[in-house]
Chemist: 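Before we start, here is the structure in question, set down as structure tokens.
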Amino acid sequence: MGPLVTDDFHSPDRIKVLDAFRAIAILCVMAFHYRGDAFANGWLGVEFFFIISGFVIFLTLERHCRSFADFIARRLARLYPTYLICAGLTFAALWLDGPHTGLPKLFGASLIMLPPFLHMGWIDDAYWTLFIEWKFYVTVGLIYFIAPKRFVLFWCLLTVIAAMAAQWRFGTAYALASAPFLPFFSYGIGCYLQYRDKKIARDSLMLFATAGISYALIW
């Protein structure tokens, strides 16, 4: 068994390279927002985050979670406190800057972390990736706990079907699955399986191939 990903920065079990990858992704996104003219490809940091998420989330499912409810509870405990602080600071900054029309309602919708379900926007558009992440958590968690031994097969089928739905303009299926981002999550899961097994086995090859095919269909 390889080392576990933990929240303790000083733990010997933490995969330190993931922290370096996160830092690279953060710097890319920051450079894109602040100097998009010079760092036009900095938006790729978001896709890099999704790859990291695929790796870490599947590791978490496999090694730390007893049930789907346990998995979702862990994700909420991990994300919500930090998100609440950030959303509160954003609300305060916007309130001080004015105008205030509709701001409390927007903040209230943002508190559930899924305002698109209420057909509303975020308190700040920069939080949009959380909606993609939560759709990934629910989808990957359900498939894993319903059919753990056939997870890779069902995940690959979902990814390809979502890509085909995107290609054929099936809007509902496209939106529900967050089709454009599934290739990145798939690649991350494949990287985790390769890391776990210390080799490129059939399952990781299936995920890499699916990520490539679905990316080609959508992008």
Side-chain angles (χ1 to χ4, degrees), residues 5-9 18-19 21-37 39-57 60-61 64-65 67-142 162 166 171-182 184-185 188:
V5 171
T6 73
D7 293 332
D8 182 358
F9 184 80
L18 293 179
D19 294 314
F21 286 161
R22 288 187 182 103
I24 292 171
I26 290 169
L27 290 173
C28 287
V29 174
M30 288 178 63
F32 174 74
H33 280 292
Y34 288 102
R35 287 297 305 274
D37 55 333
F39 299 96
N41 292 321
W43 61 272
L44 291 172
V46 174
E47 278 68 21
F48 195 18
F49 267 122
F50 291 147
I51 292 173
I52 296 170
S53 184
F55 185 108
V56 173
I57 293 305
T60 300
L61 280 167
H64 298 293
C65 300
S67 66
F68 178 73
D70 179 39
F71 170 61
I72 295 300
R74 285 174 178 269
R75 287 290 85 203
L76 278 171
R78 182 77 174 86
L79 296 177
Y80 196 74
T82 302
Y83 170 74
L84 187 60
I85 293 171
C86 292
L89 290 173
T90 303
F91 173 79
L94 292 174
W95 184 269
L96 291 173
D97 187 54
H100 306 148
T101 304
L103 189 58
K105 186 177 180 180
L106 194 63
F107 178 60
S110 294
L111 288 180
I112 67 168
M113 295 183 75
L114 301 172
F117 277 129
L118 302 178
H119 303 289
M120 296 186 65
W122 297 87
I123 190 72
D124 189 292
D125 289 341
Y127 297 121
W128 71 270
T129 57
L130 285 172
F131 189 53
I132 306 299
E133 287 280 350
W134 272 110
K135 285 196 282 186
F136 169 59
Y137 298 157
V138 171
T139 306
V140 75
L142 286 174
T172 301
Y174 175 90
L176 286 176
S178 295
F181 308 105
L182 290 182
F184 306 107
F185 292 123

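None of the values given here were measured: they were computed from a predicted structure.
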Chemist: Would F107 and L103 count as a side chain to side chain contact (heavy atoms under 4.5 Å, CB included) here? Give the steps.
Modeler: CA-CA 6 Å; F107 178 60; L103 189 58; 5.6 Å; no

Chemist: State the CG-OH distance between L130 and Y83, to the nearest 0.5 angstrom.
Modeler: 6.5 Å

Chemist: Kindly say whether L111 contributes a backbone atom to a donor-acceptor pair with the side chain of Y80 at under 3.5 angstrom?
Modeler: yes

Chemist: F21: what forms a ring pair (Phe, Tyr, Trp, His ring centres under 6.0 Å) with it, not counting sequence neighbours?
Modeler: F48

Chemist: If we only count heavy atoms from C-beta on, is the F184 to I52 side-chain gap below 4.5 Å?
Modeler: no

Chemist: What pair of heavy atoms forms the shortest contact from A25 to G45, and how long is it?
Modeler: CB-O, 3.5 Å

Chemist: Closest heavy-atom contact between L114 and W134?
Modeler: CD2-CB, 3.7 Å

Chemist: Who pairs with F185 by ring pair (Phe, Tyr, Trp, His ring centres under 6.0 Å), at least two apart in sequence or on another chain?
Modeler: F50, F136

Chemist: Sequence neighbours excluded, which residues qualify as side chain to side chain contact (heavy atoms under 4.5 Å, CB included) partners of C28?
Modeler: I24

Chemist: Have a look at F181 and tell me which of F49, W128, F131 forms a ring-ring contact (aromatic ring centres under 6.0 Å, His included) with it.
Modeler: W128

Chemist: Report the C-alpha distance between R22 and V56 in whole Å, list the side-chain angles of each, state the deciding distance to 0.1 Å, and finish with yes or no for side chain to side chain contact (heavy atoms under 4.5 Å, CB included).
Modeler: CA-CA 12 Å; R22 288 187 182 103; V56 173; 3.8 Å; yes

Chemist: Side chains of residues 84-95: which donor-acceptor partners sit under 3.5 Å, not counting sequence neighbours?
Modeler:
residue	atom	partner	partner atom	Å
T90	OG1	C86	O	2.9
T90	OG1	Y127	OH	2.8

Chemist: Check salt bridge (charged side-chain N to carboxylate O under 4.0 Å, His left out) between D124 and all other residues, then give those that pass, not counting sequence neighbours.
Modeler: none

Chemist: What's the shortest heavy-atom distance between A162 and L182, and which atoms?
Modeler: CB-CD1, 3.7 Å

Chemist: Which value, rounded to the nearest 0.5 Å, describes the distance between D70 atom CG and R74 atom CZ?
Modeler: 4.5 Å

Chemist: So, using side-chain hydrogen bond (donor to acceptor under 3.5 Å, both in side chains) as the criterion, who are the partners of E133 when residues are at least two apart?
Modeler: S53, Y137

Chemist: What pair of heavy atoms forms the shortest contact from P115 to A109, and how long is it?
Modeler: CB-O, 3.7 Å

